[in-house]
Amino acid sequence: MRIFDKLNPEQQEAVRRTEGPVLILAGAGSGKTRVITHRIAYLLEERGVNPWNILAITFTNKAAGEMRERVDAMIGHGAAGVWISTFHSLCVRILRRHIDLLGYETNFAIYDTDDQKTLMKEVCARLNIDTKKLKERQILSAISSAKNELITPLRFREEAGTDYYQRRIGECYEEYQKALKKNNALDFDDLLMKAVELFTLHEQVLVSYQNRFRYIMVDEYQDTNHAQYELVRLLASASRNLCVVGDDDQSIYRFRGADISNILDFEKDYPEALVVRLEQNYRSSQTILDAANSVIRNNERRKDKRLWTDRGQGEKIRFRRFATAYEEASFVAEDIEGRIRKDKGASYKDFAVLYRTNAQSRLIEDRLVLSSIPYNVVGGTNFYDRKEIRDVLAYLKTVDNARDDLAVRRILNVPRRGIGQTTISRVAAFAVSEDMTFYEAMLRVNSIPGIGRAASKIRAFTDMIEGFRAYGEDHRLSDLLGHILEESGYKASLEDSDDENAEDRIRNVEELFSKLADYEEHDDSEEGPSLSGFLEEVALVADIDSVEDSDNRVLLMTLHSAKGLEFPHVYITGLEDGVFPSAMAMDEDGMEGEEEERRLAYVGITRAREDLTLTAAQSRMARGEVRFNPESRFLSEIPADLMDDMSARGRRASARARDFYDDIFSDEDAPPFEEGGRITSLGAYAESLRGKKARVPETSPRKEEPGKKGGLASLSGIPGLQKGAAGLKSPAGTGAKPAGSKPRAVYVKPHTAEEKLPYITRASRASAKKQAAAAPAAPDYGPGDRVRHQRFGEGTVLSVTPGPRDYKVAVEFDSCGRKVMYAAFAGMEKI
DNA sequence: CGCGAGGATATTTTT
DNA sequence: TATCCTCGCG
């Protein structure tokens, strides 16, 4: 049978058992996506299941898209009815249909982190929360955790007991939910929680979906949180045909509520479950798998398994250690360059550079630019997080759903319309007293007390928005966007701004434009393309979703983003204690933090197909300080015989450094610091410690502050030592633990340009800037030429003048008169 | 009401 | 180091 041709016996078993619960423990690279897609094919072709009855859930759009592609490739059009969707978009689809049962309108907005923060700020102001003591972020993360656990505001307050801060957070939670509802908005976590709420409160809705989804498959099950668990449980509880696929060793999203117990306890929830283990790896060499196995073996809380392959031993794992992070970046760039040159078959897209935090990409990027190596960075500042994009989206949101106060207020005075804080406060106060939305209040501007001259400005704004709505009635979405950009003056304000990033901004807006046009072309939803549809798609994109395999570029990303991907050549950088494993994670109580970091290491190692390179830097700059870190503990967990350690000498030195730290910081009579000394290297630091003039301070917990972990035990308390000159990173949980435990890293503040030099790539910065600022090509038309504009139609060019960033073009259009615009942005063609 | 300067503050990971 | 926020002046 065709479906089973390419499957090993375990995979076949997993595909064949379609009835009842199935747990597939799929190690990295063991072909789990293959199993899911083949299972879908089998259900459709051999079991005659209606595609409509199948639901496959993933975490990212990219994973969903790939699954869709593969299923289509096997089955063709017959699979079109199968729902393959992310958790979040599944919930949105369901809620768009039924959320009126919960008192929201079905065109609800979806708030992202930024919106949440803005809203929370208002809530805190209203509740007189001292945001110095209780930060918005902290409150939001508490609320997020609560929602992931399906804890309602009511229950949250009940459980808060007498704890002052918990009670305050409870108040915020309640108020925040009210504000969301008033804005007809849901945040990310609401999408899941409201869907569960819907199913719990309205059984007939649940039953209809249970009838529909007879066969449910969940990918990356180890990453589900309680809300997702509950959602799946409810949907599957009638048919019990639930197949979950996951790897407990790859659970790396604890911070967003993922509960590893969901997969570890699956057999308790479904005692009749068939458990299939997929341990044969089709991706990596045995050496890479051995390394991965021997690292992950150090975790306590896991199901034991052992990956194997028949692909042979392969290359040793390379380890390189450098004095500074800049040298580390140089090595990566030069190494990639060298391999591309040497190996004719190699191309840029075969390489991935991974790191623990987004901030680490900077240096590597700079260095790649210097070597003219094409690269893409996944994540970091999301495209949709950029100011100009958020502005433009706020226009679209306002036109789409004026109940979204945040969007309305964001653009009210962007570009400047002379509407100031006083006016905004008056409108807001009126809206509250009359119990209406901000926009409704503006529509009744004449009734608002105290608004004098500003009334006409407000009127002009609402007229404009109403005009956009009317325009949107009988125009395409992309035309509407063009109209908005033009009429609102937003485009003009971008073009006229002397902000040095204006060029990028314009480019980004253009990109949004083409994304909208693209959406319009390719949307295949039942309802057809709509503004809400586009905004929803935009709200639910993940960083990784935009990765195109077709781009021949080196990929840079965090270890988290790399999950699910594979590359022939992988570099994992920043293998230093404090960076990876991250100091933050290690500060947590117990082993959970460290074990999660170790799983992250496991994920990183198993991304590599042919070879893996690990790198570390003795010192790197962070937040304007140079930080000396010991080598990552994970390195020592990889057997030496698997490693090609070109830094053997460095490693010994590093081991000495580790001992050195231990000695110094655990010693009661610790050696002192030199007065006012500056430390530029570990050696110099050691020297300074031998001076016996001051004592190493006891690690002093900061003032008691809620939620605050032990921070920098600054040396400012030492007489004579410059404030901020050096510091010791306090050890795990210092805030709560007694003084005297061991600090883990040394911080040094560079004072002179010379001291900073090794850590920055000034040359590359300058050249990168120059490259970006290169003058755009002159347009191929000149005065007197006839041109065509996408929206304005045909016209005659009056003049072309070089502007600060781009050529300014004046055109007399046949239909709508004279316009002046930037050549690159206008995108006109000569006719 | 708009803008600039200067100070405080932050970096873990993301649907 | 880089961004954000607040404050004060024109």
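Each chain gets a letter, A, B and so on, in the order its sequence line appears, and its residues count up from 1. Keep in mind that the numbers below use all heavy atoms, side chains included, and drop hydrogens, waters and symmetry copies.
- Residues forming a side-chain hydrogen bond (donor to acceptor under 3.5 Å, both in side chains) with Lys62(A) (at least two apart in sequence, or on another chain): Glu66(A).
- The nearest whole Å value for the distance from the CG atom in Asn61(A) to the P atom in dT15(B) is 9 Å.
- If you take CE of Met557(A) and C1' of dT12(B), they are 17 Å apart, rounded to a whole angstrom.
- Protein atom CD1 of Ile260(A) is 16 Å distant from nucleotide atom C1' of dT13(B), rounded to whole Å.
- Spacing between atom CD of Gln360(A) and atom P of dA10(B) amounts to 20 Å, rounded to whole angstrom units.
- The CD-P distance, from Glu594(A) to dT12(B), rounds to 18 Å in whole Å.
- Residue Lys563(A) has no polar side-chain atom (N or O) positioned under 4.0 Å from OP1 or OP2 of dT14(B).
- Qualifying side-chain contact (heavy atoms from CB on, under 4.5 Å) partners for Arg256(A), counting only residues two or more places apart in sequence or in other chains: Phe59(A), Tyr253(A).
- Summarising the geometry, the separation between CE on Met584(A) and C1' on dT14(B) is reported as 15 Å, rounded to the nearest angstrom.
- Side-chain N/O atoms of Arg256(A) and base N/O atoms of dT15(B) include no donor-acceptor pair closer than 3.5 Å.
- Annotation: cation-pi pair Arg409(A)/Phe438(A) present, NZ/CZ under 6.0 Å from the ring centroid and within 45° of its normal.
- With sequence neighbours excluded, the residues that form a side-chain contact (heavy atoms from CB on, under 4.5 Å) with Val196(A) are Leu150(A), Thr200(A), Glu230(A), Leu231(A), Leu234(A).
- Here the CG-CD1 distance, from Leu235(A) to Ile94(A), works out to 6.0 Å after rounding to the nearest 0.5 Å.
- Residues of residues 244-255 of chain A that place a heavy atom closer than 4.0 Å to DNA chain B, in numerical order, are Tyr253(A), Phe255(A).
- Tyr221(A) pairs by the ring pair (Phe, Tyr, Trp, His ring centres under 6.0 Å) definition with Phe266(A), not counting sequence neighbours.
- Just one of Asn148(A), Asp259(A), Asn262(A) meets the side-chain hydrogen bond (donor to acceptor under 3.5 Å, both in side chains) condition when paired with Thr224(A); it is Asn262(A).
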Check nucleotides 3-7 of chain C for protein N or O atoms closer than 3.5 Å to its own N or O atoms and list the pairs.
| unit_1 | atom_1 | unit_2 | atom_2 | d |
| --- | --- | --- | --- | --- |
| dC5(C) | OP1 | Lys121(A) | NZ | 3.1 |

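- Partners of Asn508(A) by side-chain contact (heavy atoms from CB on, under 4.5 Å), not counting sequence neighbours, listed by chain and number: Phe383(A), Arg386(A), Glu388(A), Ile389(A), Glu511(A).
- Below 30°, between 30° and 60°, or above 60°: for Phe255(A) and His560(A) the angle between ring planes is above 60°, a perpendicular geometry.
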Tabulate protein N/O versus nucleotide N/O from nucleotides 1-7 of chain B, keeping only pairs under 3.5 Å, one per line.
| unit_1 | atom_1 | unit_2 | atom_2 | d |
| --- | --- | --- | --- | --- |
| dC1(B) | OP1 | Gly420(A) | N | 3.1 |
| dC1(B) | OP1 | Thr423(A) | OG1 | 2.9 |
| dC1(B) | OP2 | Gln421(A) | N | 3.4 |
| dC1(B) | OP2 | Thr422(A) | N | 3.0 |
| dC1(B) | OP2 | Thr422(A) | OG1 | 2.4 |
| dG2(B) | OP1 | Asn413(A) | ND2 | 3.4 |
| dC3(B) | OP2 | Arg416(A) | NE | 2.4 |
| dC3(B) | OP2 | Arg416(A) | NH2 | 3.0 |

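- Remark: Asp223(A) engages Lys563(A) in a side-chain hydrogen bond (donor to acceptor under 3.5 Å, both in side chains) (not counting sequence neighbours).
- One atom, NE2 of His88(A), and another, P of dT15(B), lie 9 Å apart when rounded to the nearest Å.
- For Ser561(A) and dT14(B), the shortest distance from a side-chain N or O to OP1 or OP2 is below 4.0 Å.
- Residues that satisfy the salt bridge (charged side-chain N to carboxylate O under 4.0 Å, His left out) test with Glu536(A), not counting sequence neighbours, are Arg96(A).
- Distances shown here put a side-chain N or O of Asn358(A) below 4.0 Å from the OP1 or OP2 atom of dT14(B).
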Expected output check: what is the dot-bracket annotation of DNA chain B, where ( ) and [ ] are pairs inside the strand (brackets for crossing ones), | is paired with another strand, and pairs are Watson-Crick or G-U under 3.5 Å?
||||||||||.....

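- Contact check, Thr558(A) against dT14(B): a side-chain N or O comes under 4.0 Å of OP1 or OP2.
- In this view, Arg426(A) and Thr422(A), Ile448(A), Ile451(A) satisfy the side-chain contact (heavy atoms from CB on, under 4.5 Å) rule, not counting sequence neighbours.
- dC4(C) sits 15 Å from dT13(B) when the P atoms are compared, rounded to a whole Å.
- The nearest whole Å value for the distance from the CG atom in Asp219(A) to the P atom in dT15(B) is 15 Å.
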